[in-house]
Amino acid sequence: IVNALHKFLQAKGHWMVKFAALKSLQKMRPIPPEILPTLIKLLEGKSPDVLCQTAKVIALFGDKGAKAIPALKKMFQYPLGHIVLCIADATRYLGTHAQAVIPEYAVLLTNQDIGLRKSALRGLAALGSLAHTKAEAMASLLKDSDILVRVVAAKALGVLKSPNPKVLHALRQALRQQDHQVRTQSAKTLGLIGVHTKVIKEALVPLLQAREASVRKATAWTLATKAFRLPPRTQRKESPTSRPTSRPTSQPLKSTTRRE
């Protein structure tokens with residue numbers, strides 16, 4: 001069956017035939033490595049559906065699919081949001097080789113097209129820890145002119161969970177915005193990142209009295225997370241003078257503790 005599907009992909013034919021063959025190939029395990037060059041060649045096509053489906057199949061190769069990175073990067077020339085997402089869905093399974101596409105996403109963060117900016121944010125979020133270097137650039141979109149871009153930026157940062165101080169500052173500032181969707185997602189993202197400082201808590205607490213139920217709920221959830229149940233980060237480290245000279249660590253020391 002795999003050989004027959006391979007022949008369909010190699011032959012010249014309608015894009016729907018190739019798309020169907022790729023869908024079937026995606027269900028096969030394992031996929032023979034000799035099919036990879038054919039898949040890379042398919043990335044030179046112009047059908048968005050075939051391009052995306054090809055990227056999904058390449059993802060199944062894992063690290064061995066790294067040879068497709070240059071061809072996947074060329075897909076950025078198509079200004080379509082779902083293609084941008086397909087690239088991320090494929091490259092995130094290619095290990096550290098996925099770093100090669102991060103600069104392309106960074107460029108799209110400043111694109112004039114709203115859809116591409118949102119897709120770039122989602123794409124970087126899909127790449128996980130590999131995209132931490134672009135966390136500040138993503139956080140800058142919390143001030144985007146479009147509300148939905150700001151919401152997606154806050155959500156993407158929640159997936160990334162970067163403790164970058166500039167990211168935390170941007171999220172804290174976003175809590176003051178008028179749009180309740182931005183405030184809701186920013187509050188939730190702060191809980192997902194899990195960095196508790198005094199200034200962050202002071203920015204969150206007033207939102208418990210917000211008019212919108214979604215804002216109140218997200219804020220309450222964040223303040224109930226483990227990080228916010230502990231003392232603020234700046235207070236966790238004890239100074240040498242405040243640290244107790246003795247601490248009951250075993251049974252024989254209990255009497256000494258009582259005398260103190």
Side-chain angles (χ1 to χ4, degrees), residues 1-128 130-131 134 137-138 141 144 146 148-149 152 156:
I1 296 177
V2 174
N3 290 333
L5 293 173
H6 191 192
K7 289 180 180 179
F8 274 120
L9 296 176
Q10 290 177 315
K12 293 182 179 180
H14 197 275
W15 70 267
M16 291 185 69
V17 175
K18 295 185 183 298
F19 180 78
L22 288 165
K23 289 284 283 187
S24 299
L25 189 62
Q26 191 178 9
K27 301 175 184 178
M28 303 293 175
R29 298 291 189 283
I31 300 177
E34 57 267 21
I35 294 182
L36 184 59
T38 301
L39 295 172
I40 294 175
K41 181 127 182 110
L42 284 176
L43 293 177
E44 298 175 1
K46 296 182 179 180
S47 168
D49 294 311
V50 172
L51 289 173
C52 281
Q53 194 58 43
T54 302
K56 291 178 182 179
V57 176
I58 289 174
L60 300 176
F61 285 88
D63 288 341
K64 295 179 180 179
K67 295 179 180 178
I69 289 288
L72 287 168
K73 288 180 68 175
K74 290 181 180 179
M75 287 173 62
F76 280 99
Q77 65 184 304
Y78 298 99
L80 297 171
H82 71 284
I83 287 186
V84 172
L85 291 178
C86 285
I87 299 171
D89 288 338
T91 53
R92 65 176 173 167
Y93 293 107
L94 305 183
T96 55
H97 302 289
Q99 291 177 337
V101 301
I102 290 178
E104 311 293 334
Y105 281 108
V107 172
L108 289 180
L109 290 176
T110 58
N111 194 283
Q112 293 183 352
D113 185 88
I114 293 173
L116 285 177
R117 294 202 299 276
K118 290 191 293 185
S119 294
L121 286 165
R122 290 174 178 141
L124 286 168
L127 294 175
L130 293 175
K134 301 302 177 185
M138 295 167 69
L141 292 186
D144 195 89
D146 184 81
L148 290 180
V149 172
V152 172

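This chain uses plain numbering: 1 for the first residue, then up along the sequence. What you see is a predicted model, and the numbers here were worked out from it, not measured in a lab.
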- Note on the structure: All heavy atoms of Gly62 vs all of Leu94, minimum pair found to be O-CD2, 2.9 Å

- Which is it for Leu39 and Leu22 under the side-chain contact (heavy atoms from CB on, under 4.5 Å) test, yes or no, and what are the steps along the way? CA-CA 9 Å; Leu39 295 172; Leu22 288 165; 3.6 Å; yes

- Message: Is there a side chain to side chain donor-acceptor pair (under 3.5 Å) between Thr38 and His6? Walk through the geometry before answering.
- Response: CA-CA 8 Å; Thr38 301; His6 191 192; 2.7 Å; yes

- Any idea which heavy atoms bring Met28 and Val2 closest together, and the distance? CG-CG2, 4.1 Å

- Calculate, to the nearest 0.5 Å, the distance between atoms OG1 and CG belonging to Thr91 and Leu130 respectively. 8.5 Å

- First locate atom CZ of Phe76, then atom CD1 of Ile83, and finally report the distance between them rounded to the nearest 0.5 Å. 10.5 Å

- Note on the structure: Rounded to the nearest 0.5 angstrom, the CD1-NZ distance for Ile69 and Lys67 is 13.0 Å

- Met16 CE: over 12 foreign heavy atoms closer than 6.0 Å: no

- Task: Sort and list the pairs that fulfil salt bridge (Lys or Arg N to Asp or Glu O under 4.0 Å) and have at least one residue in residues 2-28, not counting sequence neighbours.
- Result: none

- Message: Tell me whether Phe8 at atom CZ has more than 12 heavy atoms from other residues, nucleotides or ligands lying less than 6.0 Å away.
- Response: no

- Message: If I compare all heavy atoms of Ala55 with all of Ala90, which pair ends up nearest, and what's the gap?
- Response: O-CB, 3.2 Å

- Take Ile87 and Tyr105 through the side-chain contact (heavy atoms from CB on, under 4.5 Å) test and state the conclusion after the steps. CA-CA 10 Å; Ile87 299 171; Tyr105 281 108; 3.6 Å; yes

- Note on the structure: Rounded to the nearest 0.5 Å, the NZ atom of Lys41 sits from the CG atom of Leu9 at a distance of 13.5 Å

- Query: Below 6.0 angstrom between ring centroids: does that apply to Tyr93 and Phe61?
  - Reply: no

- About how many Å separate CG of Leu124 and CG of Leu109, when rounded to the nearest 0.5 Å? 5.5 Å

- Distance in Å, Asp89 CG paired with Lys56 NZ, rounded so as to fall on 0.5 Å steps: 7.0 Å

- Query: Out of Leu108, Leu148, Asp144, which one pairs with Arg117 under the side-chain contact (heavy atoms from CB on, under 4.5 Å) rule?
  - Reply: Asp144

